[in-house]
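Structure first, commentary second.
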There are 2 protein chains.
Amino acid sequence: MSADISLAVSTAIFALRPHPDTGLSALWIPLVRRTRDPFENRWALPGGWVSPDESLSDAAARNLLETTGVEPTYLEQLYAFGAVDRSPDRRVVSIVYWALVRPEQADAATDGDNVRWFLADDLPELAFDHNLIVDYALWRLRTKMEYSRIAHAFLGPTFTLTELREVHEAVLQRPLDPANFRRQVEPTLVATETLVTGGRHRPPRLYRYDESVRLVDNGPLTIATPRSTP
Amino acid sequence: MSADISLAVSTAIFALRPHPDTGLSALWIPLVRRTRDPFENRWALPGGWVSPDESLSDAAARNLLETTGVEPTYLEQLYAFGAVDRSPDRRVVSIVYWALVRPEQADAATDGDNVRWFLADDLPELAFDHNLIVDYALWRLRTKMEYSRIAHAFLGPTFTLTELREVHEAVLQRPLDPANFRRQVEPTLVATETLVTGGRHRPPRLYRYDESVRLVDNGPLTIATPRSTP
DNA sequence: GCACTTAGGGTCAGGGTGACTACAACTCGG
DNA sequence: CCGAGTTGTAGTCACCCTGACCCTAAGTGC
């Protein structure tokens, strides 16, 4: 049996905010300061223990809300980390999730002594194996960006093509040709009638995602494992 | 804390063997018969409890060997299943792995009352949520076949292009053009000097994988989480 | 020697991609 | 009110990858 193994969930949360140097959108991640040993005062991913009456994704969502005040628009399991020595005092297996939030939702997690936002590509030394975990989560986010539709988790229901392109550029860290980008994503979108005026240029059209276009995602798990709390 | 959650590992093992009807290679999976409740007498994925002094992948490999006698050439974590009601009597979280074995290794797991090989695409109703798990594992195998190099886990160190192509055909369940297939995979291979004579046709050349060609795989986890027991 | 079978090299048309050009349509400064 | 500035959107073109297809190479077996 395995009663002496503790089961935890942690989540790597990503949000887009301006980079302090360039002003361009960049990936940020909220971390919590540990208030006890091991790794007291080190920054760590938000997380906690799984209680017996909640699913893993529910536990992740609950811990997220409790520790950082964040309610994500996207939540997916990343990996189960279970090396014997990953916690110095006892055996902990962590089911790690990754989440995407919109800027407004991110603001719910106000910086404070206990929660602080960091640039995802420039983190301090974290507690446990959390640096490795964030690296892996970043890799998954960037890989998945290329073939799936997760970018929309950073945006509202409607958006301009430039907004969508800037999400891709921020995550992939390279500029994309506006015309070519349009050609590629337009088949998965539906144009609305609305144009956004007010900019000092030609007003862009608002788009929404075309729900009828199915993309490869998580295969059989896509429908099979919905969150029990919507 | 989480002492009342049991932590298990299970593994979906794949091997290629001839299909009884067509004679072509097909995917087979070994299952074990449950000897106690819940789901007594139902077929299930091999698995067992994680002990506190072994990593998750070690636990998977050990359980594999104990229950089916199989030592895989490839072992990768699939997903952590943790729905509250997936086991009727108590709360079990299962870290599921998937494995690939060569035919010789597969023969170690002789069919018997307790272990039997099934066609992966034609399974009976399994215990727990194991049908969903196998579906997901199959999806991952087939998806990964297209962009990675896992096919080699079904083969020895050297192989002909036809052997490699037949592995792809068996997994993807569709015929591939030999000439086009060669063009696509040859850049990742090294030709040996050896030709295989004895067939009633032009002798094919043996190839081996080019270790210097890096493919996208599991990102940061590729090197970071090796099995502790090699 | 000839039929047969698979190995392996080549061609060609079509689709997608990146680089680039051109025009459209708004705001703002004068 | 007009032109400059800026971004949105359409289109072109060369290139590469792909699938479909053809052809020759080189063994075995009769």
Side-chain angles (χ1 to χ4, degrees), chain A residues 18 22-25 142-143 145-149 151 155 158-210 213 215-216, chain B residues 18 22-25 142-143 145-149 151 155 158-210 213 215-216:
Chain A
T22 65
L24 298 173
S25 264
R142 289 183 168 133
T143 306
M145 198 65 137
E146 312 246 21
Y147 65 88
S148 85
R149 202 185 274 166
L155 299 168
T158 61
F159 43 84
T160 67
L161 280 171
T162 297
E163 287 169 343
L164 183 60
R165 177 171 50 82
E166 283 171 350
V167 169
H168 278 82
E169 289 178 339
V171 172
L172 302 179
Q173 293 178 303
R174 76 185 134 94
L176 301 172
D177 182 274
N180 293 337
F181 181 77
R182 161 183 304 272
R183 191 177 52 196
Q184 285 166 3
V185 301
E186 213 169 16
T188 72
L189 300 179
V190 179
T192 70
E193 294 303 309
T194 321
L195 301 182
V196 182
T197 55
R200 59 177 66 182
H201 51 77
R202 175 172 172 176
R205 185 176 296 277
L206 284 181
Y207 289 81
R208 69 177 70 252
Y209 274 99
D210 184 350
V213 178
L215 289 185
V216 263
Chain B
T22 66
L24 299 173
S25 264
R142 290 184 167 132
T143 307
M145 198 64 140
E146 312 245 20
Y147 65 86
S148 86
R149 201 185 276 168
L155 299 168
T158 61
F159 44 84
T160 68
L161 280 171
T162 297
E163 288 170 342
L164 183 61
R165 178 170 49 84
E166 283 171 350
V167 169
H168 278 82
E169 289 178 338
V171 172
L172 301 179
Q173 293 178 302
R174 73 183 137 96
L176 301 172
D177 182 275
N180 292 338
F181 181 78
R182 160 183 303 274
R183 191 177 53 197
Q184 285 167 3
V185 301
E186 212 169 17
T188 72
L189 300 178
V190 179
T192 70
E193 294 303 309
T194 320
L195 301 182
V196 182
T197 56
R200 58 178 67 182
H201 51 75
R202 173 172 173 177
R205 185 176 294 275
L206 284 181
Y207 288 81
R208 70 176 70 253
Y209 274 98
D210 185 350
V213 178
L215 289 183
V216 264

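Just so it is clear: chains get the letters A, B, ... in the order the sequence lines come, proteins before strands, and each one is counted from 1. All values below come from the heavy atoms of this structure, side chains included, with hydrogens, waters and symmetry mates left out.
First and last contacting nucleotides of DNA chain D toward chain A (any atom under 4.0 angstrom from a heavy atom, 5' to 3' order): D:dG5 to D:dT12.
Residues passing the ring pair (Phe, Tyr, Trp, His ring centres under 6.0 Å) test with B:Y209, sequence neighbours excluded: B:H152, B:F159.
Across the protein-nucleic acid pair, B:D177 atom CG and C:dT11 atom P stand 16 Å apart, rounded to whole Å. Note: CZ (B:R183) to P (C:dA7) measures 17 Å, nearest angstrom. Taking atom CG of residue A:N180 and atom P of nucleotide C:dG15, one finds them 18 Å apart after rounding to whole Å. The separation between B:F181 atom CZ and C:dA7 atom P is 12 Å, rounded to whole Å.
Applying the 4.0 Å criterion to OP1 and OP2 of C:dG9, one finds that B:R182 has a side-chain N or O inside that range.
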Classify every nucleotide of nucleotides 23-30 of chain C by which part a protein heavy atom approaches to under 4.0 Å, writing B for the base, S for the sugar-phosphate alone and - for neither, in 5'-to-3' order.
-> -BBBS---
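Within the 4.0 angstrom heavy-atom criterion, only backbone atoms of the sugar-phosphate kind lie near A:T162; the bases stay farther away. Contact annotation for A:R205: backbone-only contact, meaning every heavy-atom pair under 4.0 Å involves sugar-phosphate atoms and none involves a base.
The residue from B:L195, B:V196, B:T194, B:L155 that alone fulfils the side-chain contact (heavy atoms from CB on, under 4.5 Å) condition with B:T160 is B:V196.
Between atom CG of residue A:L161 and atom OH of residue A:Y207 there is a gap of 4.5 Å, rounded to the nearest 0.5 Å.
The shortest distance between side-chain heavy atoms of A:L172 and A:E146 falls below 4.5 Å.
Considering all non-hydrogen atoms of both residues, A:H201 and A:P204 come closest at CE1-CD, 4.2 Å. Looking at every heavy atom in both residues, B:S25 comes nearest to B:A170 through O-CB, 3.4 Å.
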Could you please spell out the steps behind the side chain to side chain contact (heavy atoms under 4.5 Å, CB included) verdict for A:M145 and A:V167?
-> CA-CA 10 Å; A:M145 198 65 137; A:V167 169; 3.6 Å; yes
Step by step, would you call A:R205 with A:E186 a salt bridge (Lys or Arg N to Asp or Glu O under 4.0 Å)?
-> CA-CA 12 Å; A:R205 185 176 296 277; A:E186 213 169 16; over 6 Å; no
